[in-house]
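Structure, as structure tokens:
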Protein chains: 2
Amino acid sequence: MKEGPDIAQIGALIGDPARANMLAALTGGRALTATELAGVGGITVQTASTHLAKLEAGGLLTQRKQGRHRYFTLADEAVARLIESMMGFAAGRGHLRHQPGPKEPALRKARICYDHLAGDYGVRMLDSLIASGSIDAVGDGLALTEKGEGDLKCIGINVGDLRSSRRPLCRSCLDWSERRAHLAGSLGKALLSSFLDKGWARRTAESRSILFSPEGDRQFLKLFPVDP
Amino acid sequence: MKEGPDIAQIGALIGDPARANMLAALTGGRALTATELAGVGGITVQTASTHLAKLEAGGLLTQRKQGRHRYFTLADEAVARLIESMMGFAAGRGHLRHQPGPKEPALRKARICYDHLAGDYGVRMLDSLIASGSIDAVGDGLALTEKGEGDLKCIGINVGDLRSSRRPLCRSCLDWSERRAHLAGSLGKALLSSFLDKGWARRTAESRSILFSPEGDRQFLKLFPVDP
DNA sequence: TTCATAGTTCGATCGTAACCGAAGCATCGC
DNA sequence: GCGATGCTTCGGTTACGATCGAACTATGAA
């Protein structure tokens, strides 16, 4: 009754389908304009505007105006984690939006989760890093090993730079499609960035899925093998 | 729009103040009757009944009828984690139910979080276990060491028994009042149970707070010291 | 059997919030 | 300056859901 923080407010914010859709879309990590968000929410811009104002007042979103556009993003990583964790929970209970099935196979294979790689490929990458001794997994926590730091340098990722940020280097994030952990944190972000930079993969316009090129696919599978 | 699980449903379930209050109360871990839950929700039994039916249909609650009572509990630990994580999130944004202040000091000192100890004492216990080398912390994951297993046996906790359950032994759980981790999982549960069994502490009737006796307080602080 | 307690179902009321059309600002391109 | 585009604010409609009184079912006690 009177004890503790107020869950109901944020629950209600997420509880509206239009808002939930917008938040889910923003989990894709890229900033979206009010009009785009109205599209994903299936509502008019006027309605979207009031929704966005509420979400911002609730601290879930921030906006950045740029010219005559307003770009909305999730307020911070904590929001992204909350949304993803709710997705995981919902998926586990069968609260799927439109029934099961290998829906959107591209999305299950590889997609972006705020700023890092998720889906089948995300899970595979973490599994492989653990198997090769680059990352230590204890319970549900992750830590980079010295070997891992060396290996990463070989593929052009300087871990020292990443450590300077306040953000944790490794963090595990639960995947709603695979129901297994994948790598988040600044290292997860750096790895995905490097794949994009190398041209191995690219983001798609309207979806959260990540498309690997044939060559990128080959390189990725070679770099992150899984033993049979 | 069409991709992924449906967050809005569970958001809406949690989004109603009466339901949120009931869920928060059930985070206390003990089963409550419909009438009791109506009390904490501040509504009549009829209304509570429909709310409870919705929560059950949504997979958040289960009920067990016993005589003419119906006891409701959270469906499983995942629900408890979801609620606690939302509380942590809400607390971080200042979404407090009734303004700040050292509200309910007893609750901040020690309270139950589903089935384990949270609050100041919960955080202290985990800190101490890590400092003494009983638990390894890697990232945000926890693992019991051999030394820890021995130490626990000395205070009457047989870790072997706990391992048999499918539930993870150690798990870290984020505290909304302290904003730091405390120990959950079957070990967290076992530790709290042992404190209650020993008579060091007892649960209170209507609140989630845990009251330590003077003697229990002394023993607890001696058992889990923190270096200055 | 009858009465009391616990809970659900029904029906009706009421408030709130989602929604859109239209109008109002702001910014850009010209 | 002008019109076009992106977004917000206003006003009014509508629909859904939370709420409770009252009636109904189930269990237990006497």
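Residue numbering restarts at 1 for every chain, and letters A, B, ... go by the order of the sequence lines.
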Item to complete: Name the orientation class of the two ring planes belonging to Trp200(A) and Phe195(A) (parallel below 30°, tilted from 30 to 60°, perpendicular beyond 60°).
Response: parallel

Discussion item. Are Phe224(A) and Tyr121(A), when compared by the centres of their aromatic rings, separated by less than 6.0 Å?
Written reply: no

Worksheet entry | Rounded distance in Å - CG (Leu37(B)) to P (dA6(C)) | 14 Å

Worksheet item: Does Lys54(A) place a side-chain N or O at less than 4.0 Å from the phosphate oxygens OP1/OP2 of dA17(C)?
Response: no

Worksheet item: Does Glu84(B) come within less than 4.0 Å of Arg208(B), counting only side-chain N to carboxylate O?
Response: yes

What are the atom names and distances for every N/O pair under 3.5 Å that joins the protein to nucleotides 24-30 of chain D?
| unit_1 | atom_1 | unit_2 | atom_2 | d |
| --- | --- | --- | --- | --- |
| dT27(D) | OP1 | Lys65(B) | NZ | 3.4 |

Worksheet item: Rounded to the Å, how far apart are Phe72(B) CZ and dA6(C) P?
Response: 14 Å

Discussion item. Whole angstroms only, please: what is the CG-P distance between Leu61(A) and dT8(D)?
Written reply: 11 Å

Practice prompt. Working to the nearest 0.5 Å, report the span between CD of Glu77(B) and SG of Cys173(B).
Written response: 8.5 Å

Discussion item. Does this structure show an ion pair linking Asp76(B) with Arg81(B), if we count only N-O contacts that are shorter than 4.0 Å?
Written reply: no

Discussion item. Test of understanding: with side-chain hydrogen bond (donor to acceptor under 3.5 Å, both in side chains), list the residues that count as partners of Ser49(A), not counting sequence neighbours.
Written reply: none

Discussion item. For a 4.5 angstrom cut-off between non-hydrogen side-chain atoms, does Tyr114(B) reach Thr73(B)?
Written reply: no

Practice prompt. Using atom CD of Gln63(A) as one end and atom P of dG6(D) as the other, report the distance to the nearest whole Å.
Written response: 16 Å

Worksheet entry | Nearest-Å distance for atom pair CG/P, residues Leu55(A) and dA17(C) | 14 Å

N/O-N/O pairs, protein side and nucleotides 20-22 of chain D side, under 3.5 Å:
| unit_1 | atom_1 | unit_2 | atom_2 | d |
| --- | --- | --- | --- | --- |
| dC20(D) | OP2 | Thr44(B) | N | 3.1 |
| dC20(D) | OP2 | Thr44(B) | OG1 | 3.0 |
| dC20(D) | OP2 | Thr47(B) | OG1 | 3.0 |
| dG21(D) | N7 | Gln46(B) | NE2 | 2.5 |

Worksheet item: Can you tell me if Thr44(B) and Gln46(B) form a side-chain donor-acceptor pair at under 3.5 Å?
Response: yes

Worksheet item: To the nearest Å, how far apart are Asp16(A) CG and dA17(C) C1'?
Response: 9 Å

Item to complete: Establish, with yes or no, whether the OP1 or OP2 oxygen of dT19(D) is under 4.0 angstrom from a side-chain nitrogen or oxygen of His51(B).
Response: yes

Item to complete: Please examine the side chains of Ile14(A) and Ile83(A), heavy atoms only from C-beta on, and report whether any two atoms are closer than 4.5 Å.
Response: yes

